[in-house]
Structures are given as C-alpha cells and as structure tokens.
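Worksheet for the structure shown next.
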Amino acid sequence: MTGPALPSGIRFALEGIDEITFHKVLRDLMKDAAFARPLQIQAQPPKPHQPGRPEDAGALTLVFGPDDRELALSAMQRLKTIMLRYGVQIDSVWTP
C-alpha cells in the first residue's frame, strides 16, 4: 500500500546576499502570482558573521507536490528573474 506522494523542493543557496536584499527578494516573491498555492516558499535568511561562528548563507526553497512540477518550473524561472533584478547570484541549486 502506498501513501500520498511527498512534496519535492528546489533549493537555491544565496551566498553573500545581505539581509536587506534577501527580504526585498522575499517580498517580491510573496506578491508574485507565480508563487501562489499550491506552491510554497521556505525561506532561510542569511546570518551575518559573528565571532567564532561562520556566516550562514541565505536560501530559498520552492516546495511543490508531484502534480505541480510544471508550476514549479515556471516559478523557478520567475525566481531567477526576481533575483537578477537585485543583482543576486545563485550559488547553487539543489533538486531531488
């Protein structure tokens, strides 16, 4: 017996992005119809360097169900466009 399919995600690592720019990108994502449900965004803001601790890069993860893969691919392209608007470089993309 199989259960429901688990959601997948596309994770974008954003090394070197500052907190203000990260929140601008996140604000634009939340206003953009390309990211409406059933898609979800998980956000990990960057954490600045502190003595004795390395800097933690920011990350955005686009979460989607198996039936929403096409929506996710379109949203991924839109996300790249939004990040370019702010001069944000995507350091890595991880997909399952």
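The analysis underlying the following values was restricted to heavy atoms, covering all of them including side chains, and did not include hydrogens, waters or symmetry mates. For the single chain, residues carry numbers from 1 onward in sequence order.
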Quiz item: Is the closest side-chain heavy-atom distance between Arg78 and Asp32 below 4.5 Å?
Solution: yes
Quiz item: Tell me, do Arg27 and Lys24 make a side-chain contact under 4.5 Å, heavy atoms counted?
Solution: yes
Quiz item: Rounded to the nearest 0.5 Å, what separation is found between the CD atom of Glu15 and the CG atom of Asp56?
Solution: 10.5 Å
Self-check item: Thr21 backbone acceptor or donor facing Asp18 side chain under 3.5 Å
Solution: yes
Quiz prompt | Candidate list Ile82, Leu14, Ile20, test side-chain contact (heavy atoms from CB on, under 4.5 Å), partner Val25, passing option | solution = Ile82
Quiz prompt | Approximate separation, where rounding is to 0.5 Å, of Gln40 CD and Asp68 CG | solution = 10.0 Å
Exercise. Kindly compute the distance separating CZ (Phe35) from CD1 (Ile41), expressed to the nearest 0.5 Å.
Key: 5.5 Å
Quiz item: Side-chain contact, heavy-atom cut-off 4.5 Å: Ser8 with Phe64?
Solution: yes
Exercise. List in chain and number order the residues that pass salt bridge (charged side-chain N to carboxylate O under 4.0 Å, His left out) with Arg85, two or more places apart in sequence or in another chain; answer none if no residue qualifies.
Key: Asp28
Quiz item: Minimum heavy-atom separation for Ala34 to Leu39, with atom names?
Solution: O-CD1, 3.3 Å
Quiz item: Taking a hydrophobic cluster as the set of Ile, Leu, Val, Met, Phe, Trp and Tyr residues connected by side-chain heavy atoms closer than 4.5 Å, whether directly or through intermediates, do Phe12 and Leu73 fall within one such cluster?
Solution: yes
Self-check item: Test item: Gln44 side-chain N/O and Thr61 main-chain N/O as donor-acceptor pair under 3.5 Å
Solution: no
Quiz item: Could you give the distance from CD1 (Ile17) to CE (Met83), rounded to the nearest 0.5 Å?
Solution: 8.0 Å
Practice problem: Of all the heavy-atom pairs spanning Phe22 and Pro46, show the shortest one and how long it is. | Solution: CG-CD, 3.6 Å
Quiz item: Hey, any chance Leu71 and Val63 share a hydrophobic cluster, counting ILVMFWY side chains that come within less than 4.5 Å of each other, even indirectly?
Solution: no
Self-check item: Hydrophobic cluster membership, Met30 vs Tyr86, 4.5 Å side-chain cutoff
Solution: yes
